[in-house]
Protein chains: 2
Amino acid sequence: MPGIKEVAKQANVSIATVSRVLSKPETVAKETIKKVLAVIEDLNYQPNAAARQLRMSETTTILVVVPDITNTFFSNVLRGIEFVALENGYQVLLGDADNNAEREKGYLSILRQKKAAGMILLTAGIEAETVEEIASEYPVVLACEYLEGVNVPTVSIDNVSSARKATEYLINLGHKKIGFISGPMNSVLGRDRMKGFYQAMAQYNLKVEPDLVQEGNFSYKSGLDMMHKLLAYSHPPTAVFAANDEMAFGAINAIEQKGLTVPNDISVIGFDDIQFSSIFKPALTTISQPTFDIGTKAMELLIGLMTKQEMEKTQYILENKLVLRDSCYKCSR
Amino acid sequence: MPGIKEVAKQANVSIATVSRVLSKPETVAKETIKKVLAVIEDLNYQPNAAARQLRMSETTTILVVVPDITNTFFSNVLRGIEFVALENGYQVLLGDADNNAEREKGYLSILRQKKAAGMILLTAGIEAETVEEIASEYPVVLACEYLEGVNVPTVSIDNVSSARKATEYLINLGHKKIGFISGPMNSVLGRDRMKGFYQAMAQYNLKVEPDLVQEGNFSYKSGLDMMHKLLAYSHPPTAVFAANDEMAFGAINAIEQKGLTVPNDISVIGFDDIQFSSIFKPALTTISQPTFDIGTKAMELLIGLMTKQEMEKTQYILENKLVLRDSCYKCSR
DNA sequence: ACTCAAAATGAATACGTTTACAATGCGGTT
DNA sequence: AACCGCATTGTAAACGTATTCATTTTGAGT
């Protein structure tokens with residue numbers, strides 16, 4: 001409630017001095033600083049953010065757009081972002097796109113209104129060119145997804161090679177008939193992981209049967225449904241690669257509903273290594289992403305952009321690893 | 001980039017009319033509106049949020065403080081909040097307290113700087129009196145937790161009676177030696193749920209053995225550890241009530257690690273009904289909270305406070321229900 | 001054609017800061 | 001004594017918008 005001029009009056013100085021005490025203390029006499037600080041403390045004065053922002057034309061808020069806040073994978077990245085944001089005096093504005101490209105687009109106005117100084121996109125439901133256009137005007141970094149040919153600072157893992165790695169693991173276990181439950185084809189993530197699957201199969205001269213590739217939408221239910229579809233074929237796969245963990249859980253439960261067991265009858269591998277993957281039974285073999293690190297790195301990158309620092313590098317591919325647990329086993333057939 | 005005066009110049013009107021076109025269109029001629037709107041469209045003009053906020057001394061941002069963004073229980077509430085926030089033109093600023101009261105306190109300055117018009121607390125790590133003090137100065141609503149004797153608008157479930165209900169269910173199944181894995185005693189949630197447990201036991205004249213009550217911290221690992229402790233006693237319980245689902249998972253996995261099965265050897269009931277509870281095996285019997293609704297209701301309440309509407313009611317206790325799944329069974333001993 | 005109320009517009013101010021610039025005071029140098 | 005440089009402080013102007021008040025335009029009624 002009290003403004004800077006109230007402080008100035010009580011401290012018997014000009015408002016300029018008060019302002020300086022807060023932002024450039026080295027230019028004001030120690031004696032005065034002490035006096036002013038005392039009044040500030042006394043009145044519990046806090047500078048008005050809007051006024052400061054207007055004057056300086058810069059804000060300390062940034063926007064993070066998440067496809068689904070409920071997914072622990074994303075919320076972990078978010079945690080990383082918030083962590084370094086806070087450390088550097090930034091606040092994060094949350095935009096839950098709810099898997100809806102239109103809603104995602106709506107958040108862009110926040111940048112235009114200068115309510116946020118920059119943005120981190122945890123997904124790209126919107127078209128690549130729109131992203132590039134926005135990025136040319138405002139500080140933007142892409143996390144989790146790598147957009148081919150788009151020159152926007154990015155931090156992610158290599159989804160293609162990771163998916164290849166997962167598939168190879170299954171192949172090396174002796175599996176030949178391998179099913180794939182993909183993510184939605186309209187997402188980069190979905191397409192990249194599928195690409196990796198095909199690469200691995202081709203590399204080992206294994207034929208991928210179109211019937212054994214089903215498109216899910218990253219949800220538990222789609223994993224369950226698609227697995228049931230796969231099980232209905234005359235020659236079901238001996239191993240299944242699900243493009244994320246939640247779908248893998250669905251697949252496993254579908255298999256068990258049919259009276260079969262994982263990994264003895266069918267092996268299942270997932271992707272992401274969310275929290276529950278190690279709690280689930282059987283514990284899920286999966287690709288682990290450094291979610292927290294993706295978040296911190298993305299935020300560091302964004303800070304670099306916003307403060308116009310010279311950047312040695314703007315594309316980061318973080319390491320991921322295959323974590324071996326109990327849901328895969330050697331092929332017995 | 002273009003300001004209101006650029007629009008004014010190109011439309012050949014004063015900045016006042018441009019402003020009016022945006023905020024009070026009914027006071028300006030249709031002809032002019034069309035002209036101005038065209039220029040706005042053309043220049044892709046967006047009003048500067050900081051300037052507007054400074055002039056009107058009100059912002060459309062609200063702050064939500066979450067104890068742990070990673071917990072799907074809270075992220076679901078958050079989703080509800082964001083949903084109605086967006087619908088009403090508000091943005092939500094995220095504060096992840098990371099289960100740290102100090103960090104939680106730090107977010108209060110955001111209110112003082114007027115960066116946010118109000119706040120929703122999804123937890124109360126800070127003391128009740130601090131909350132009340134803040135609430136007397138700014139619009140604040142409490143969600144998820146009910147603070148005894150604190151007159152702050154609240155939406156939650158009745159944790160005490162729900163915990164009682166869960167315990168009663170176990171008792172009616174014939175269990176007498178019932179263990180309890182509590183939440184942390186420094187949280188209201190933890191204390192309330194324990195209170196319910198004791199009430200039910202007392203009501204049925206069952207003795208609660210101090211050894212069978214263990215304090216966890218709502219994490220999977222603490223559930224696992226505490227259950228191992230319970231199993232180590234000479235007369236382990238035949239049923240266990242875990243104060244949240246994650247600890248229940250830990251308990252179940254601990255039981256199975258000992259070669260026992262749930263629910264045949266020991267029944268386990270949880271609390272919250274997070275997403276994973278129906279996926280887990282055995283599917284978890286638990287108390288289901290209307291998380292999304294808690295979020296929407298809390299945000300509606302906050303909007304009411306911020307717009308100074310007359311409120312018929314400021315304390316909401318939402319319904320919860322016991323969802324029966326596969327982790328509990330009749331006592332065989 | 002003239003009047004007058006109502007409708008539409010413009011000029012000017014305030015919101016609470018930061019900061020460029022000017023003003024002041026002080027000690028030391030010539 | 002006059003002057004200079006430096007440290008400290010104050011004055012005033014901006015930032016982009018909303019709004020009060022005054023002014024102009026419009027249109028209906030005579």
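Lettering follows sequence order; numbering is per chain, from 1.
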[X] [atom1] - [N] [atom2] separation (whole Å):
{"X": "A:Arg52", "N": "D:dT17", "atom1": "CZ", "atom2": "P", "result": "21 Å"}
{"X": "A:Met56", "N": "C:dT17", "atom1": "CE", "atom2": "C1'", "result": "9 Å"}
{"X": "B:Glu26", "N": "C:dT9", "atom1": "CD", "atom2": "P", "result": "13 Å"}
{"X": "B:Lys9", "N": "D:dG16", "atom1": "NZ", "atom2": "P", "result": "13 Å"}
{"X": "B:Leu22", "N": "D:dT17", "atom1": "CG", "atom2": "P", "result": "9 Å"}
{"X": "A:Lys24", "N": "D:dA7", "atom1": "NZ", "atom2": "C1'", "result": "16 Å"}
{"X": "A:Tyr45", "N": "C:dG16", "atom1": "OH", "atom2": "P", "result": "10 Å"}
{"X": "A:Lys5", "N": "D:dG10", "atom1": "NZ", "atom2": "C1'", "result": "17 Å"}

Could you tell me whether a side-chain N or O of B:Thr72 sits under 3.5 Å from a main-chain N or O of A:Thr72, the two making a donor and an acceptor? no
Short side-chain N/O contact from [X] to OP1 or OP2 of [N], under 4.0 Å:
{"X": "A:Thr17", "N": "D:dG10", "value": "yes"}
{"X": "B:Lys114", "N": "C:dC15", "value": "no"}
{"X": "B:Thr32", "N": "C:dT9", "value": "yes"}

Before accepting this row, confirm whether a basic side-chain N of the pair A:Lys297/A:Glu300 lies closer than 4.0 Å to the acidic partner's carboxylate O. yes
Salt bridge flag under 4.0 Å for residues A:Lys105 and A:Glu127: yes
What nucleic acid atoms does B:Ala29 come within less than 4.0 Å of, heavy atoms only: base, sugar-phosphate, or nothing? sugar-phosphate
Comparing B:Arg20 and B:Ala51 on DNA chain C - which has the more 5′ nearest nucleotide: B:Arg20
Starting at the 5' end of DNA chain C, which residue's closest nucleotide do you reach first, B:Ser57 or B:Lys30? B:Lys30
Hey, does A:Thr123 have a side-chain heavy atom less than 4.5 Å from the side chain of A:Cys144? no
5'-most contact on DNA chain D: A:Asn12 or B:Ile15, nearest heavy atom basis? A:Asn12
Measure from the side chain of [X], starting at C-beta and using heavy atoms only, and say which of [options] lies closest.
{"X": "B:Val13", "options": "C:dG16, C:dG10, D:dG10", "value": "C:dG10"}
{"X": "B:Ser14", "options": "C:dC21, C:dA11, D:dT17", "value": "C:dA11"}
{"X": "B:Ser19", "options": "C:dG16, C:dT19, D:dT19", "value": "D:dT19"}

Drop me the distance from A:Tyr107's OH to A:Leu63's CG, to the nearest 0.5 angstrom. 8.0 Å
